[in-house]
Amino acid sequence: QVQLVESGGGLVQPGGSLRLSCAALGSIFSIDVMAWYRQAPGKQRELVATTSPGGDTDYADSVKGRFTVSRDNAENMMYLQMNSLKSEDTAVYYCYADVETVVPEHRFSHYWGRGTQVTVSS
């Protein structure tokens with residue numbers, strides 16, 4: 001059983017910063033792509049940032065230059081440093097991961113966290 005647990009969300013003023021964390025827990029053999037998605041009220045879920053095991057990253061145009069994604073492969077952790085936050089960044093942020101497990105069988109599956117709320121408001 002694998003779980004992704006996000007933390008670090010909250011209320012922040014425009015221009016402020018937050019750091020989100022995602023912990024991948026369970027019987028994990030390896031993790032391939034990890035990503036952050038977000039979903040604002042009334043909108044579809046959108047990709048924010050991705051990171052590969054080798055450290056390659058990619059970002060949505062709307063967050064480039066403001067957000068930084070990173071990961072700790074040894075600890076099965078992923079982070080999202082969010083700077084210069086804007087009101088339009090308000091959303092629930094979700095962690096996603098492609099996980100390889102070997103117990104009880106060898107398989108690759110994708111997992112989602114339950115999300116953490118980020119609200120940018122004065």
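In what follows, every heavy atom counts, from backbone to side chain, and hydrogens, waters and symmetry copies are set aside.
Screening residues 67-80 for salt bridge (charged side-chain N to carboxylate O under 4.0 Å, His left out), with sequence neighbours left out, gives no hits. The salt bridge (charged side-chain N to carboxylate O under 4.0 Å, His left out) analysis of residues 106-122, with sequence neighbours excluded, yields the pairs Glu105-Arg107. Residues in residues 17-110 take part in these disulfide (SG to SG under 2.5 Å) pairs, two or more places apart or across chains: Cys22-Cys95. The stretch residues 41-55 participates, sequence neighbours left out, in these side chain to side chain donor-acceptor pair (under 3.5 Å) pairs: Arg38-Glu46. For residues 8-19, the pairs satisfying side chain to side chain donor-acceptor pair (under 3.5 Å) are Ser17-Asn83, with sequence neighbours left out.
By the criterion of side-chain heavy atoms lying less than 4.5 angstrom apart, applied directly or through intervening Ile, Leu, Val, Met, Phe, Trp or Tyr residues, Val2 is not grouped with Tyr37; the two fall into different hydrophobic clusters. Note: the hydrophobic cluster containing Val63 also contains Met82 (ILVMFWY, side chain heavy atoms under 4.5 Å, direct or indirect links). Put simply, Val33 and Ile28 are part of two different groups of oily side chains (I, L, V, M, F, W, Y) that touch within less than 4.5 Å, one to the next. Hydrophobic clustering (ILVMFWY, side-chain heavy atoms < 4.5 Å, transitive): Tyr94 and Val120 are in distinct clusters.
Looking at residues two or more places apart in sequence or on another chain, you find no ring pair (Phe, Tyr, Trp, His ring centres under 6.0 Å) involving Phe29. Gln117 meets the side chain to side chain donor-acceptor pair (under 3.5 Å) test with Thr119; sequence neighbours excluded. Contacts of Ser30 classified as side chain to side chain donor-acceptor pair (under 3.5 Å), with partners at least two apart in sequence or in another chain: Glu100. By the side chain to side chain donor-acceptor pair (under 3.5 Å) test, Tyr96 is found to be paired with Asp98, residues two or more places apart in sequence or in another chain being considered. With sequence neighbours left out, the side chain to side chain donor-acceptor pair (under 3.5 Å) criterion links Asp61 to Lys64.
The OG1 atom of Thr68 sits 8.0 Å away from atom CG of Leu80, with the distance rounded to the nearest 0.5 Å. Separating the OH atom in Tyr93 from the CG atom in Leu18 is a distance of 9.0 Å, to the nearest 0.5 Å. Ser62 OG to Leu47 CG: the interatomic distance, rounded to the nearest 0.5 Å, is 9.5 Å. Taking OG1 from Thr57 and CE from Met34, the interatomic distance works out to 14.0 Å, rounded to the nearest 0.5 Å.
In this structure, Trp36 has its ring center at least 6.0 angstrom away from the ring center of Phe67. Aromatic rings of His106 and Phe108 (six-membered ring for Trp) have centroids within the 6.0 Å cut-off, being under it.
Of all non-hydrogen atoms in Ser121 and Pro14, the two that sit nearest each other are C-CD, 3.6 Å. Considering all non-hydrogen atoms of both residues, Thr90 and Ala40 come closest at O-CB, 3.6 Å.
Side-chain N or O atoms of Thr116 include none that pairs as donor or acceptor with a backbone N or O of Ser7 at under 3.5 Å. Side-chain atoms of Tyr59 come within 3.5 Å of backbone N or O of Val69 as a donor-acceptor pair.
Met77 belongs to a hydrophobic cluster with Tyr79, counting contacts under 4.5 Å between side-chain heavy atoms of Ile, Leu, Val, Met, Phe, Trp and Tyr, direct or through other members. Residue Val5 belongs to a hydrophobic cluster whose other members are Leu25, with links defined by side-chain heavy atoms closer than 4.5 Å.
Atom CD of Gln39 has more than 12 neighbouring heavy atoms from other residues, nucleotides or ligands inside a 6.0 Å radius. Remark: Gln1 CD is loosely packed, at most 12 non-hydrogen atoms of other residues, nucleotides or ligands lying under 6.0 Å away.
In this structure, Ile31 and Pro53 have side chains that are not in contact, with every pair of non-hydrogen atoms separated by 4.5 Å or more.
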